[in-house]
Q: 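Below are the C-alpha coordinates for one structure; questions will follow.
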Amino acid sequence: MFQGMEYVYEVYKERSFSKAAQNLFISQPSLSANVKRVEARIGYPIFDRSTKPLGLTELGERYIRSVEQILSVESGFSDYVNDCGELKTGNLILGGSNLFSSWILPPMMARFARKYPSVKLVLMEERTARLQEHLLAGDVDIMIDYGLAGEEAFEKKLFRTERLVLAVPRAFEINRRMEAYRIRPEWIRSGYYLQDEILPVPLDAFRGEPFVLLKPDNDTRKHAMKICQAHGFTPKILLELDQQMTAYNVTCSGMGISVIGDTLVQKVPENPGVVYYKLPKALSERGLYFYWKRGRYVSRAMEEFLQLAQIF
(Lines give C-alpha, C1' and ligand atoms only; values in the text may rest on other atoms or scores of the structure.)
Protein backbone atom coordinates (compact mmCIF):
# COMPACT_ATOMS: atom_id res chain seq x y z
CA MET A 1 0.00 0.00 0.00
CA PHE A 2 2.96 2.31 0.57
CA GLN A 3 4.78 1.45 -2.63
CA GLY A 4 5.38 4.76 -4.39
CA MET A 5 4.99 6.77 -1.20
CA GLU A 6 8.06 8.88 -2.10
CA TYR A 7 6.12 10.40 -5.00
CA VAL A 8 3.11 11.21 -2.85
CA TYR A 9 5.23 12.67 -0.04
CA GLU A 10 7.20 14.96 -2.36
CA VAL A 11 3.95 16.36 -3.79
CA TYR A 12 2.67 16.88 -0.24
CA LYS A 13 5.84 18.75 0.81
CA GLU A 14 5.81 21.04 -2.22
CA ARG A 15 2.01 21.37 -2.50
CA SER A 16 2.61 21.21 -6.25
CA PHE A 17 3.00 18.46 -8.84
CA SER A 18 5.28 20.59 -11.03
CA LYS A 19 7.73 21.48 -8.24
CA ALA A 20 7.73 17.91 -6.93
CA ALA A 21 8.44 16.56 -10.43
CA GLN A 22 11.45 18.90 -10.72
CA ASN A 23 12.80 17.72 -7.35
CA LEU A 24 12.37 14.07 -8.35
CA PHE A 25 13.88 14.63 -11.84
CA ILE A 26 10.88 13.10 -13.60
CA SER A 27 8.23 14.57 -15.86
CA GLN A 28 5.01 15.92 -14.38
CA PRO A 29 2.80 13.43 -16.31
CA SER A 30 4.94 10.56 -15.00
CA LEU A 31 4.64 11.85 -11.44
CA SER A 32 0.86 12.27 -11.79
CA ALA A 33 0.57 8.72 -13.08
CA ASN A 34 2.56 7.35 -10.14
CA VAL A 35 0.41 9.21 -7.63
CA LYS A 36 -2.79 8.02 -9.32
CA ARG A 37 -1.53 4.42 -9.11
CA VAL A 38 -1.06 4.83 -5.35
CA GLU A 39 -4.56 6.33 -5.03
CA ALA A 40 -6.02 3.51 -7.12
CA ARG A 41 -4.29 0.94 -4.92
CA ILE A 42 -5.79 2.55 -1.81
CA GLY A 43 -9.17 3.10 -3.43
CA TYR A 44 -9.49 6.75 -2.40
CA PRO A 45 -7.96 10.08 -3.46
CA ILE A 46 -5.07 11.42 -1.37
CA PHE A 47 -5.02 14.97 -2.72
CA ASP A 48 -7.82 17.50 -3.00
CA ARG A 49 -6.99 18.89 -6.43
CA SER A 50 -9.64 21.62 -6.21
CA THR A 51 -7.61 23.72 -3.76
CA LYS A 52 -4.65 26.01 -4.33
CA PRO A 53 -2.14 25.26 -3.02
CA LEU A 54 -2.84 21.56 -3.33
CA GLY A 55 -4.54 20.14 -0.23
CA LEU A 56 -5.08 16.72 1.33
CA THR A 57 -8.26 14.73 1.72
CA GLU A 58 -9.09 13.36 5.16
CA LEU A 59 -7.72 9.98 4.13
CA GLY A 60 -4.72 11.73 2.58
CA GLU A 61 -3.84 13.32 5.93
CA ARG A 62 -3.82 9.88 7.56
CA TYR A 63 -1.72 8.47 4.71
CA ILE A 64 0.89 11.24 5.11
CA ARG A 65 1.08 10.68 8.88
CA SER A 66 1.71 6.99 8.21
CA VAL A 67 4.40 7.78 5.64
CA GLU A 68 6.15 10.07 8.15
CA GLN A 69 6.13 7.26 10.70
CA ILE A 70 7.70 4.92 8.15
CA LEU A 71 10.33 7.51 7.22
CA SER A 72 11.09 8.10 10.89
CA VAL A 73 11.65 4.38 11.47
CA GLU A 74 13.88 4.16 8.38
CA SER A 75 15.85 7.24 9.46
CA GLY A 76 16.31 5.88 12.98
CA PHE A 77 17.65 2.56 11.70
CA SER A 78 19.96 4.33 9.24
CA ASP A 79 21.34 6.48 12.06
CA TYR A 80 21.95 3.40 14.17
CA VAL A 81 23.86 1.68 11.38
CA ASN A 82 25.96 4.82 10.85
CA ASP A 83 26.82 4.84 14.56
CA CYS A 84 28.22 1.34 14.20
CA GLY A 85 30.66 2.73 11.66
CA GLU A 86 31.99 5.26 14.18
CA LEU A 87 30.82 8.23 12.11
CA LYS A 88 32.73 7.16 9.03
CA THR A 89 29.57 7.87 7.05
CA GLY A 90 26.17 9.44 7.54
CA ASN A 91 24.35 12.75 7.40
CA LEU A 92 23.57 15.53 9.84
CA ILE A 93 20.93 18.06 8.83
CA LEU A 94 20.87 21.33 10.75
CA GLY A 95 18.31 24.11 10.56
CA GLY A 96 18.26 27.77 11.50
CA SER A 97 16.86 31.13 10.53
CA ASN A 98 19.00 33.63 8.63
CA LEU A 99 20.77 34.90 11.75
CA PHE A 100 21.76 31.46 12.99
CA SER A 101 22.57 30.07 9.54
CA SER A 102 24.83 33.03 8.81
CA TRP A 103 26.58 33.67 12.12
CA ILE A 104 26.06 30.88 14.68
CA LEU A 105 26.02 27.49 12.96
CA PRO A 106 28.88 27.83 10.40
CA PRO A 107 31.79 27.85 12.94
CA MET A 108 30.20 24.91 14.77
CA MET A 109 29.82 23.02 11.51
CA ALA A 110 33.44 23.74 10.58
CA ARG A 111 34.66 22.35 13.91
CA PHE A 112 32.48 19.24 13.50
CA ALA A 113 33.64 18.72 9.90
CA ARG A 114 37.29 18.84 10.92
CA LYS A 115 36.68 16.10 13.49
CA TYR A 116 34.29 13.99 11.38
CA PRO A 117 35.09 14.75 7.71
CA SER A 118 33.12 11.75 6.41
CA VAL A 119 29.78 12.90 7.84
CA LYS A 120 27.84 14.94 5.30
CA LEU A 121 26.56 18.19 6.80
CA VAL A 122 23.48 19.91 5.41
CA LEU A 123 22.31 23.37 6.49
CA MET A 124 18.68 24.33 5.94
CA GLU A 125 17.94 28.06 6.22
CA GLU A 126 14.25 28.87 6.70
CA ARG A 127 11.89 30.85 8.89
CA THR A 128 11.13 29.29 12.27
CA ALA A 129 7.62 27.99 11.52
CA ARG A 130 8.76 26.17 8.39
CA LEU A 131 11.82 24.70 10.12
CA GLN A 132 9.59 23.40 12.89
CA GLU A 133 7.53 21.53 10.29
CA HIS A 134 10.70 20.00 8.86
CA LEU A 135 11.86 19.01 12.35
CA LEU A 136 8.58 17.22 13.04
CA ALA A 137 8.67 15.50 9.64
CA GLY A 138 12.23 14.28 10.22
CA ASP A 139 13.72 16.37 7.41
CA VAL A 140 15.91 18.24 9.95
CA ASP A 141 17.86 16.58 12.76
CA ILE A 142 18.57 19.63 14.93
CA MET A 143 17.44 23.23 14.72
CA ILE A 144 18.48 26.24 16.77
CA ASP A 145 15.94 28.83 17.85
CA TYR A 146 14.13 30.43 20.74
CA GLY A 147 10.91 29.06 22.27
CA LEU A 148 8.99 26.90 19.80
CA ALA A 149 5.22 26.51 19.76
CA GLY A 150 4.15 23.06 20.96
CA GLU A 151 7.40 22.45 22.81
CA GLU A 152 6.04 19.16 24.19
CA ALA A 153 6.84 17.64 20.79
CA PHE A 154 10.56 18.40 21.13
CA GLU A 155 13.59 17.75 23.26
CA LYS A 156 15.88 20.74 23.78
CA LYS A 157 19.29 21.72 25.09
CA LEU A 158 20.17 25.25 26.16
CA PHE A 159 22.87 26.86 24.03
CA ARG A 160 22.97 30.23 25.76
CA THR A 161 20.82 32.74 27.62
CA GLU A 162 20.44 36.02 25.78
CA ARG A 163 18.93 39.42 26.45
CA LEU A 164 16.87 41.52 24.10
CA VAL A 165 17.99 45.08 23.43
CA LEU A 166 16.36 48.05 21.72
CA ALA A 167 17.92 49.06 18.38
CA VAL A 168 17.07 52.59 17.19
CA PRO A 169 18.09 54.36 13.97
CA ARG A 170 20.78 56.88 14.87
CA ALA A 171 19.00 59.65 12.96
CA PHE A 172 15.88 59.52 15.18
CA GLU A 173 15.45 62.70 17.20
CA ILE A 174 14.54 60.78 20.37
CA ASN A 175 18.17 59.62 20.70
CA ARG A 176 19.16 63.11 21.84
CA ARG A 177 16.81 62.92 24.80
CA MET A 178 17.84 59.34 25.62
CA GLU A 179 21.59 59.85 25.21
CA ALA A 180 22.31 59.07 28.87
CA TYR A 181 20.86 55.56 28.39
CA ARG A 182 22.76 54.56 25.27
CA ILE A 183 24.90 51.44 25.46
CA ARG A 184 27.90 50.89 23.24
CA PRO A 185 28.16 47.86 20.93
CA GLU A 186 31.38 46.78 22.66
CA TRP A 187 29.52 46.77 25.99
CA ILE A 188 27.02 44.33 24.49
CA ARG A 189 29.74 42.14 23.00
CA SER A 190 31.62 41.93 26.31
CA GLY A 191 28.49 41.60 28.47
CA TYR A 192 29.42 44.72 30.46
CA TYR A 193 26.02 46.27 29.72
CA LEU A 194 24.41 43.64 31.99
CA GLN A 195 25.97 45.24 35.06
CA ASP A 196 23.46 46.77 37.48
CA GLU A 197 24.95 50.25 37.11
CA ILE A 198 23.88 50.29 33.44
CA LEU A 199 20.25 51.36 33.64
CA PRO A 200 17.49 50.19 31.27
CA VAL A 201 15.96 52.88 29.08
CA PRO A 202 12.52 54.26 30.05
CA LEU A 203 10.77 52.56 27.17
CA ASP A 204 7.57 54.62 27.38
CA ALA A 205 9.59 57.49 25.89
CA PHE A 206 9.41 55.64 22.56
CA ARG A 207 5.60 55.69 22.52
CA GLY A 208 4.49 56.79 19.06
CA GLU A 209 7.81 56.01 17.37
CA PRO A 210 7.70 53.59 14.40
CA PHE A 211 8.67 49.99 15.19
CA VAL A 212 9.85 47.22 12.88
CA LEU A 213 8.77 43.92 14.47
CA LEU A 214 8.61 40.29 13.47
CA LYS A 215 5.34 38.53 12.66
CA PRO A 216 2.96 37.63 15.53
CA ASP A 217 3.92 33.94 15.80
CA ASN A 218 7.60 34.79 16.38
CA ASP A 219 9.13 34.57 19.86
CA THR A 220 10.96 37.89 19.48
CA ARG A 221 7.68 39.61 18.55
CA LYS A 222 5.90 38.13 21.57
CA HIS A 223 8.63 39.39 23.91
CA ALA A 224 8.65 42.82 22.26
CA MET A 225 4.89 43.21 22.70
CA LYS A 226 5.04 42.17 26.36
CA ILE A 227 7.86 44.62 27.07
CA CYS A 228 6.04 47.54 25.41
CA GLN A 229 2.70 46.72 27.04
CA ALA A 230 4.41 46.48 30.45
CA HIS A 231 5.46 50.10 29.86
CA GLY A 232 1.92 51.18 29.07
CA PHE A 233 1.76 51.31 25.30
CA THR A 234 1.24 49.26 22.16
CA PRO A 235 3.98 49.89 19.60
CA LYS A 236 3.20 51.62 16.33
CA ILE A 237 4.21 48.92 13.84
CA LEU A 238 5.62 50.12 10.54
CA LEU A 239 6.61 46.71 9.16
CA GLU A 240 6.13 43.04 10.11
CA LEU A 241 8.92 40.75 8.97
CA ASP A 242 9.95 37.08 9.11
CA GLN A 243 13.59 37.36 10.14
CA GLN A 244 15.36 39.12 13.01
CA MET A 245 18.30 39.94 10.71
CA THR A 246 15.96 41.65 8.27
CA ALA A 247 14.39 43.76 11.03
CA TYR A 248 17.86 44.78 12.21
CA ASN A 249 18.92 45.76 8.68
CA VAL A 250 15.75 47.83 8.27
CA THR A 251 16.61 49.61 11.54
CA CYS A 252 20.15 50.26 10.30
CA SER A 253 18.68 51.83 7.17
CA GLY A 254 16.82 54.35 9.35
CA MET A 255 13.19 53.21 8.97
CA GLY A 256 12.15 52.05 12.44
CA ILE A 257 13.01 50.69 15.88
CA SER A 258 13.54 46.95 16.37
CA VAL A 259 13.87 44.62 19.34
CA ILE A 260 16.78 42.23 18.78
CA GLY A 261 18.83 39.71 20.73
CA ASP A 262 22.29 40.58 22.01
CA THR A 263 23.47 37.45 20.15
CA LEU A 264 22.92 39.33 16.90
CA VAL A 265 24.83 42.41 18.09
CA GLN A 266 27.70 40.22 19.28
CA LYS A 267 28.02 38.42 15.94
CA VAL A 268 27.32 40.89 13.12
CA PRO A 269 29.68 43.71 12.04
CA GLU A 270 29.11 47.03 13.80
CA ASN A 271 26.84 49.43 11.92
CA PRO A 272 27.14 53.21 12.50
CA GLY A 273 23.49 53.75 11.61
CA VAL A 274 22.06 52.28 14.82
CA VAL A 275 22.26 52.92 18.57
CA TYR A 276 21.29 50.54 21.37
CA TYR A 277 19.47 50.67 24.69
CA LYS A 278 19.21 48.19 27.53
CA LEU A 279 15.78 46.72 28.31
CA PRO A 280 14.52 45.53 31.74
CA LYS A 281 15.77 42.03 32.58
CA ALA A 282 12.43 40.60 33.70
CA LEU A 283 10.91 40.48 30.21
CA SER A 284 13.97 40.65 27.97
CA GLU A 285 15.80 37.48 29.05
CA ARG A 286 15.24 34.25 27.12
CA GLY A 287 16.93 30.99 26.20
CA LEU A 288 18.43 30.04 22.84
CA TYR A 289 18.07 26.27 22.37
CA PHE A 290 18.94 23.37 20.15
CA TYR A 291 15.78 21.37 19.41
CA TRP A 292 15.16 17.87 18.08
CA LYS A 293 12.01 15.77 17.76
CA ARG A 294 10.96 14.04 20.97
CA GLY A 295 11.14 10.25 20.81
CA ARG A 296 13.42 10.05 17.79
CA TYR A 297 16.67 8.14 17.87
CA VAL A 298 19.44 10.57 18.81
CA SER A 299 22.32 9.56 16.60
CA ARG A 300 25.94 9.76 17.63
CA ALA A 301 26.44 12.51 15.05
CA MET A 302 23.74 14.54 16.81
CA GLU A 303 25.29 13.87 20.21
CA GLU A 304 28.76 14.87 19.02
CA PHE A 305 27.49 18.06 17.40
CA LEU A 306 25.59 19.10 20.53
CA GLN A 307 28.69 18.46 22.63
CA LEU A 308 30.94 20.48 20.30
CA ALA A 309 28.40 23.31 20.17
CA GLN A 310 28.74 23.94 23.91
CA ILE A 311 32.33 25.08 23.34
CA PHE A 312 31.12 28.20 21.49
Side-chain angles (χ1 to χ4, degrees), residues 96-107 123 125-128 131 144-146 160 162-194 198-228 231 233-280 283-286 288:
S97 64
N98 178 265
L99 168 62
F100 305 129
S101 296
S102 299
W103 299 100
I104 305 296
L105 291 174
L123 177 58
E125 180 182 339
E126 265 283 6
R127 59 189 181 87
T128 297
L131 281 172
I144 182 171
D145 215 300
Y146 307 107
R160 71 184 299 265
E162 78 162 21
R163 288 276 292 275
L164 295 169
V165 298
L166 196 70
V168 182
R170 184 175 292 275
F172 276 24
E173 178 67 25
I174 194 170
N175 290 314
R176 296 185 181 182
R177 290 185 277 129
M178 297 293 108
E179 187 169 3
Y181 293 95
R182 291 190 198 182
I183 53 176
R184 299 176 181 176
E186 59 266 28
W187 293 0
I188 300 175
R189 287 193 288 270
S190 68
Y192 170 69
Y193 86 104
L194 298 174
I198 307 298
L199 298 178
V201 69
L203 193 62
D204 56 336
F206 295 87
R207 184 192 309 267
E209 298 287 343
F211 277 73
V212 177
L213 298 182
L214 303 188
K215 291 182 178 177
D217 62 345
N218 190 281
D219 183 77
T220 303
R221 164 66 174 268
K222 293 173 183 176
H223 275 78
M225 294 300 291
K226 288 178 181 178
I227 294 169
C228 291
H231 287 79
F233 74 98
T234 298
K236 176 185 174 183
I237 301 174
L238 178 67
L239 288 173
E240 291 183 328
L241 302 167
D242 284 316
Q243 301 275 359
Q244 189 180 166
M245 272 297 302
T246 309
Y248 171 72
N249 287 329
V250 171
T251 292
C252 292
S253 73
M255 289 184 66
I257 298 168
S258 58
V259 176
I260 60 174
D262 60 6
T263 302
L264 187 155
V265 183
Q266 291 163 1
K267 296 296 182 181
V268 303
E270 187 173 338
N271 191 302
V274 62
V275 295
Y276 305 99
Y277 298 93
K278 183 178 181 178
L279 292 170
L283 294 173
S284 66
E285 192 171 79
R286 63 177 177 178
L288 177 57

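For the numbers below, each heavy atom of this structure counts, side chains included, while hydrogens, waters and symmetry mates do not. Positions are given from 1, in the same order as the sequence printed here. No experiment lies behind these values; they were computed from the predicted model shown.
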Q: Where do Leu214 and Asn218 come nearest, in terms of heavy atoms and distance?
A: CD1-OD1, 3.1 Å
Q: Applying the side chain to side chain contact (heavy atoms under 4.5 Å, CB included) criterion to Val168, which one of Val201, Thr251, Asn175 satisfies it?
A: Asn175
Q: Is the NZ atom of Lys267 crowded by more than 12 outside heavy atoms at less than 6.0 Å?
A: no
Q: Search all heavy atoms of Leu164 against all heavy atoms of His223 and return the closest pair with its distance.
A: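 Where Leu164 meets His223 most closely, the heavy atoms are CD1-CB, 3.4 Å.
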Q: Where is the tightest heavy-atom contact between Pro200 and Leu279, given as atom of each residue plus distance?
A: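 Reported closest heavy-atom pair: CB-C, 3.8 Å.
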Q: Working to the nearest 0.5 angstrom, can you tell me the gap between Arg221 CZ and Leu241 CG?
A: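 The CZ atom of Arg221 sits 10.5 Å away from the CG atom of Leu241.
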Q: Determine whether a donor-acceptor pair (N or O, by modelled atom type, separation under 3.5 Å) exists between the side chain of Glu209 and the backbone of Gly256.
A: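 No.
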Q: Measuring from Glu162:CD to Thr263:OG1, what's the distance to the nearest 0.5 Å?
A: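 Interatomic distance, Glu162 CD to Thr263 OG1, rounded to 0.5 Å: 3.5 Å.
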Q: Atom CD1 of Ile237 and atom SG of Cys228: how far apart are they, to the nearest 0.5 Å?
A: 8.5 Å
Q: A side-chain contact here means heavy atoms from C-beta on lying under 4.5 Å apart; do Arg127 and Gln243 qualify?
A: yes
Q: Does the ring center of Tyr193 lie less than 6.0 Å from the ring center of Trp187?
A: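 Aromatic pair excluded; centres sit 6.0 Å or further apart.
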Q: So do the side chains of Pro216 and Glu240 get within less than 4.5 Å of each other, counting heavy atoms only?
A: yes
Q: Between Phe211 and Leu166, is there a side-chain heavy-atom distance shorter than 4.5 Å?
A: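 Counting from C-beta outward, Leu166 and Phe211 do come under 4.5 Å.
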Q: Which atom pair, heavy atoms only, marks the closest approach of Pro269 to Tyr248?
A: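 Taking Pro269 first and Tyr248 second, the nearest heavy atoms are O-OH, 4.1 Å.
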Q: In Å and rounded to the nearest 0.5 Å, what is the CG to CD1 distance from Leu99 to Ile260?
A: 9.5 Å
Q: Quick one: does Ser258's side chain get under 4.5 Å of Gln244's, heavy atoms only?
A: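 A side-chain contact is absent here, since even the closest heavy-atom pair is not under 4.5 Å.
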Q: What are the two closest heavy atoms between Pro169 and Gly254, and how far apart are they?
A: CB-CA, 3.6 Å
Q: Kindly indicate whether the side chain of Tyr277, heavy atoms from C-beta on, has any atom under 4.5 Å from the side chain of Leu203.
A: no
Q: Measure across Phe100 and Pro106 and return the closest heavy-atom pair with its distance rounded to 0.1 Å.
A: O-CD, 3.7 Å
Q: Should Leu199 and Lys278 count as side-chain neighbours, where that means a heavy-atom distance under 4.5 Å?
A: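 Leu199 vs Lys278: side chains apart.
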Q: So if I apply the salt bridge (charged side-chain N to carboxylate O under 4.0 Å, His left out) rule between Asp262 and each of Arg286, Arg163, Arg160, which one comes out positive?
A: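 So the option named by the test is Arg160.
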Q: Distance from Phe172 atom CZ to Phe206 atom CZ, nearest 0.5 Å?
A: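 Rounded to the nearest 0.5 Å, the CZ-CZ separation comes to 10.0 Å.
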Q: For the CZ atom on Arg189, are there more than 12 heavy atoms of other groups (residues, nucleotides or ligands in this structure) within a distance under 6.0 Å?
A: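 More than 12 heavy atoms, drawn from other residues, nucleotides or ligands, come within 6.0 Å of this atom.
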Q: Working to the nearest 0.5 Å, report the span between CG of Leu283 and CE of Met225.
A: 13.0 Å
